[in-house]
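Some notes on the structure that comes next.
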Amino acid sequence: MTETPTTHALPARPDRNLALELVRVTEAAAMASSRFMGRGDKVGVDQAAVDAMRKMLSTVEVDGIVVIGEGEKDEAPMLYNGERVGDGTGPKIDVAVDPVDGTTLTARGADGALAVIALAERGSMFAPGSLVYMDKIAVGEEAAGTVDINAPVAHNLRRVAKALGKGVTDVTAVILDRPRNEPYMDAVRETGARIRLITDGDISGAISTAKTASGVDILLGIGGSPEAVTAACAMAATGGELQCKIWPRDDTERQYAVDEGIDLDQVLTTRDLVNSDHTFFAATGVTNGDLLEGVSFTGDGARTHSVVMRSRTGTVRYIDAFHRFDRREPIG
């Protein structure tokens, strides 16, 4: 009698390194949007990136739902929350996406813009809904476990300085240049520490704390909630630490938090933002920055610079790629 082979269901977890597939998505978005660099057309930047990203995402073997998208905040042509992405096969996943983190930077021709996507197991990503801003603190692996978002800025700077073996005056804090963050700027200046102000690029700012060559030691201040969740997927891979608290802009948002059962005093850790051991992160530079180089075009193609991360293994890869347009369908 011949036995029928036992069939096994595919694992529910996304076990293969999806980041290596996702980098094709961010490369496409970066190449398309970078053609608008310096044109002053922010909507054009967004639209080009979204179109390229959505097209490439349709080829990835996942059953994905966009949990983190920026359409609601920016009123821009973004991939929207709840949109199904992937080819419908493979693992069920949550998707955090920012086709261009730094659309204004790209439109102005300024440094620091990235095309970004992150994945994790279905149901693992924190969904902030209409609460679009968070108070944040982020540090790299060497200083992880030493900071407390509820502590004074001076205390956190001293702890980071000690962890890194340097003086407080040699610590560099990256802060989003907004009026709401002026108290942070003042507090850092009182300690004698250094400040690097960024006009956009919240995700890059958080991740830069985990890259020694960036020269950034800590991120402080109020920035986007979607960017916090996306950055958490990368911080889970690098061993860095991200702490956040919801920052409501008005009484309407405070009431929304009450209605949704969200505790405004809760400190959201990296694990709270993405509760998974299987996170994947990919980013490609659109314009030059501390984290990645931007897209450069040649007569027959383009060069891209990307980073891919996987939390389960802690692997971080930098990918320098050249794309031959005469051997593929051009993007953008």
List the steps, then state whether salt bridge (Lys or Arg N to Asp or Glu O under 4.0 Å) holds for Arg324 with Asp326. CA-CA 5 Å; Arg324 288 282 298 267; Asp326 61 344; 2.8 Å; yes
How many angstroms lie between atom CD1 of Ile319 and atom NE2 of His305, to the nearest 0.5 angstrom? 9.0 Å
Ion pair Asp290/Lys211, N-O distance below 4.0 Å: no
Show the atom names and distances, to 0.1 Å, of all donor-acceptor pairs under 3.5 Å that link a side chain in residues 229-246 to residues at least two apart or in another chain.
residue: Thr230; atom: OG1; partner: Pro226; partner atom: O; Å: 3.0
residue: Thr238; atom: OG1; partner: Met235; partner atom: O; Å: 3.3
residue: Thr238; atom: OG1; partner: Gly240; partner atom: N; Å: 3.3
residue: Glu241; atom: OE1; partner: Gly145; partner atom: N; Å: 2.5
residue: Glu241; atom: OE2; partner: Gln243; partner atom: NE2; Å: 2.7
residue: Gln243; atom: OE1; partner: Ile149; partner atom: N; Å: 2.9
residue: Gln243; atom: NE2; partner: Val147; partner atom: O; Å: 3.0
residue: Lys245; atom: NZ; partner: Asn150; partner atom: OD1; Å: 2.9

Please name all residues satisfying side-chain hydrogen bond (donor to acceptor under 3.5 Å, both in side chains) with Thr199, sequence neighbours left out, ordered by chain then number. none
With no hydrogens and no angle check, do the side chains of Gln255 and Asp251 hold a donor and an acceptor under 3.5 Å apart? no
Under a 4.0 Å threshold between the charged nitrogen and the carboxylate oxygen, would Arg159 count as salt-bridged to Asp148? no
Same apolar cluster (I L V M F W Y, side chains within < 4.5 Å links), Ile137/Trp247: no
Knowing that exactly one of Lys42, Arg178, Arg108 qualifies, which makes a salt bridge (charged side-chain N to carboxylate O under 4.0 Å, His left out) with Asp200? Arg178
Ring-face cation of Arg271 near Phe126 (centre distance under 6.0 Å, axis angle within 45°): no
Are Arg54 and Glu83 within salt-bridge range, i.e. N to O under 4.0 Å? yes
Hey, can you tell me if Phe325 and Phe297 have their rings parallel, tilted or perpendicular (30° and 60° cut-offs)? tilted
Atom CZ of Arg24 with >12 non-hydrogen neighbours under 6.0 angstrom: no
Compare all side-chain heavy atoms of Leu157 with those of Val188 and state whether any distance is below 4.5 angstrom. yes
Are Arg303 and Glu293 within salt-bridge range, i.e. N to O under 4.0 Å? yes
Qualifying residues under side chain to side chain contact (heavy atoms under 4.5 Å, CB included), relative to Tyr256, sequence neighbours excluded: Ser130, Leu131, Glu260
Could you go step by step and tell me if Thr26 and Thr284 meet the side-chain hydrogen bond (donor to acceptor under 3.5 Å, both in side chains) rule? CA-CA 6 Å; Thr26 57; Thr284 300; 2.8 Å; yes
So among Arg196, Lys166, Arg194, which one has a side-chain hydrogen bond (donor to acceptor under 3.5 Å, both in side chains) with Thr172? Arg194
